[in-house]
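Please read the structure below before turning to the comments.
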Amino acid sequence: MSELLHFAEHQLQEGALLFMAVVYTLRLTWLLRFKAGKERQAATGLGDTNPRKGFLYSWANVAMPWAMESTRKKLFIYVQFVIFHVGVVAAIGLSFVIPYGAHLLEIPWVVLALQIIIGAAGLVGIMRIVRRVGDVYMRAISSPDDFFSLFLLTSWFGFAFLAVPNSTANGEWILMTYFFMTAFFLMYVPFSKISHYLYYPFTRYYLGKTMGHRGVFPIRRIS
Amino acid sequence: MSKQTRSYNAQKVIERMGKKLNRQIVGSLTACVHCGMCTDSCHYVLANPGDPTYAPAYKADQIRKIFKRHYDWTGRVLPWWVKAKSVHSDEDLETLKDTVFGKCTNCRRCTVNCPMGVDYATFNRMARGLLVSVGIMPEGVAVVSKDQWEIGNQMGVLKEDYLETLDWMSEELQDELKDETAVIPVDKEDADVVYSINPREAKYDPRTISDAAKIFHIAGENWTMPSEGWDMTNFGLFSGDDELGGAVARKLFDKVTELRGKKLVISECGHGYRSTRCEGQNWAGMDVDFVMESSVNTMLRYVKEGRIKVDKSRNTIPVTFHDSCNNARSCGLTEEPRELLNLVCENFTEMYPNRAENYCCTGGGGAMSMSEYTPRRLKSGKVKAEQLAATGAKIVVTSCHNCVDGLQDVIRHYKLDMKVTQLVNLVADALVIPEPVEVVAPTPAEVVAAVTAEVEKAVPVEADAGPDAGGSLAGYTILVTDDEPDFVVFASAILEDNGAKVLQAHSGEEAMEIARRETPDLMTLDLGMPGTSGSEVFEAMRNDPDLKSLPIFIITGQPELRKLIYERDVRKPEGYLDKPINEQGLLTNIRKVLNVSRT
């Protein structure tokens, strides 16, 4: 292993992670500086729910595609969402496995599983690019950051896919590119829409708490 | 563009946005990933395929871009990268107005369909409030807000008229029940129930008041209606003006406290229920020591407790139920109306989707008061019309006055064979009347007498609005032309009650077509209608050989348009009245034009 690759796998990743943590901390501090709204009124609804149930339901929403009409009717997009995000977790995880648990990648099924997950996520990334470019609604709501983030992740999936075997037989450039892209990704995330997962717990918590207090969440559905 | 070149209003909107931001709103403004999952949840999108400007995320971005440009770091550093953009001119604000008032009813359907939990409806309301704070809003919003600030209710119903209506309804109730004690108690202290209503009931639909009174009376309720602060609606919800919201809520809460009422019952109105029950205390920043509930809960309890008896065989026509957005998506009032419906109707069919997933009636968010957006609103009603038609029901029931008007418009526009009614009407129809129940309380007539002197000082009397002593309009055909459905219903009811045959038109083109075909004896004409304006219709009719002899009576809420009529080189209109009109004024003037003498 070259010194540069070693640097890319260790110091660069650690620095990028530290940078991301600092920016995230600043970001959350900024968000929490805003006062949280408060509900004075007594609860409404049938009395079979409450703010706690509301926000738990709201948080769990991500794993309940049946709970929202939008995910029920667009189940294929929901499946894409799941694959894409599992792929992100796998590709990030890979950046820890290679430097700190490389022996795991000597197990063939682990390599295969990671490649299937990350490869599928890459395919979903391509489908998402097509949708974002080809769909008039998606195009209208997309910013350069939306396009760039999607291109970044999709190409990153590609290099992660190739990096899974952790092999330098054909040179170090694949691993090098993967780790430099990962570091860039980690440092770019706090400034982009990719940081949405940071806000997800807050938006869904407050919406769920409010809707639980008002007897709306969990949503009753008679079909 | 530098700060110096920004318009005063644009600068104020940016500054005031900072004061309106709370954690929930900031979360919603930052969390959107532009996934597009909300797109199909909006009835505007479904009715306008291919037009992305109706997509909730697109509309939200028109607000979000200002937030990002001024309050979020990426937008401040790299605005083009995240589509952050400021507002600079009043034209920019007008464009924003078109989006936040004209392309969204704040129904919250996209909110419950957003995977990220972005509450677009909430920050759309915030944006409305910002525009209102600098005087940029649809004219109807300005008029209604002004009425609620100045007169205390959003339809400008004067205290005297309100009390007279209660008195009138008391008399009707006494006649119907043959019971002199069947009255509407006003300002009774220590009542168990203080009943608040939507001013639409006093102005256009008093039957809902008498039906509610009948139910309270038969239930033997110790109840009252307040002489002040009786309006439970709150235009602050629609305009985004928290100050108005707080002032209106406080007025009602203070009155209940003054009367030492134990419970505030809110008549069937989605936005009224939400404003009073779920938002009012937050806007007013006050806690209350009485209970609040919807009249739906009250009626249901009466039936369950046996305080009233109902016979569902009296309501046999197939009915369906439309959930008001405010009731269902903001207050969780979805099951009680269904339970009550099943108790008072034989044939209830569910509408799909329903409850928190139901589509807006198209009249939410104050849309009924924004006539400039009426064509857009009616087009978006396609979704609702399909939903209604699929039920096969002949009556759609809703617990919301806005929805009544919105649905009536949809039904008329899409030519559906349906009627709209409310639960209170169905419960009253199914009510089994027992022996009279004694109630001792001051009657509206007594309260009218007590306040007459005070009211006379404050109320300008129209010159032509003399006392109505009769004079039947039987044999006359009158064409009522107005784009506001409420007004058409109101004016038609008055004229029909006095014997006239009434034709209705909702646009200038329709009016001319009907006038040519039906040759009415008189036509009333609104000036501020979308499409061909009233003044253009007026001139066209005066120049039309077939129509020029038809007497035209102008009734407008925009007196400033009067000059458009009088400037034209044609015969002047036969009559003229400013809105709001009252029954006596309308009848007196119509009789004058038709030369009908009083009996």
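Lettering follows sequence order; numbering is per chain, from 1.
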Is [X] close to chain A through its backbone or its side chain, or both, or neither, when contacts mean heavy atoms under 4.5 Å?
{"X": "B/M286", "answer": "backbone"}
{"X": "B/E350", "answer": "neither"}
{"X": "B/T53", "answer": "neither"}

Chi angles and distances behind the salt bridge (charged side-chain N to carboxylate O under 4.0 Å, His left out) call for B/D40, A/K74: CA-CA 10 Å; B/D40 294 342; A/K74 296 176 184 169; 3.5 Å; yes
Return a table of donor-acceptor pairs under 3.5 angstrom between the side chains of residues 78-92 of chain A and protein atoms on other chains or two or more places apart.
from: A/Y78; atom 1: OH; to: A/V62; atom 2: O; distance (Å): 2.7
from: A/H85; atom 1: ND1; to: A/F81; atom 2: O; distance (Å): 2.8

Donor-acceptor pair, side chain of A/S70 and main chain of B/N113, under 3.5 angstrom: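 Checked: pair present.
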Atom group of [X] that falls short of 4.5 Å from chain B, counting heavy atoms:
{"X": "A/I219", "value": "side chain"}
{"X": "A/L207", "value": "side chain"}
{"X": "A/I194", "value": "neither"}

Nearest-0.5 Å distance that lies between atom NE2 in B/H34 and atom CG in A/D145: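 The NE2 atom of B/H34 sits 9.0 Å away from the CG atom of A/D145.
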Step-by-step salt bridge (charged side-chain N to carboxylate O under 4.0 Å, His left out) determination, A/R40 to B/E279: CA-CA 8 Å; A/R40 284 176 178 268; B/E279 314 286 0; over 6 Å; no
Ring geometry between A/Y188 and B/W81 (parallel below 30°, tilted from 30 to 60°, perpendicular above 60°):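 Ring orientation of B/W81 relative to A/Y188: perpendicular.
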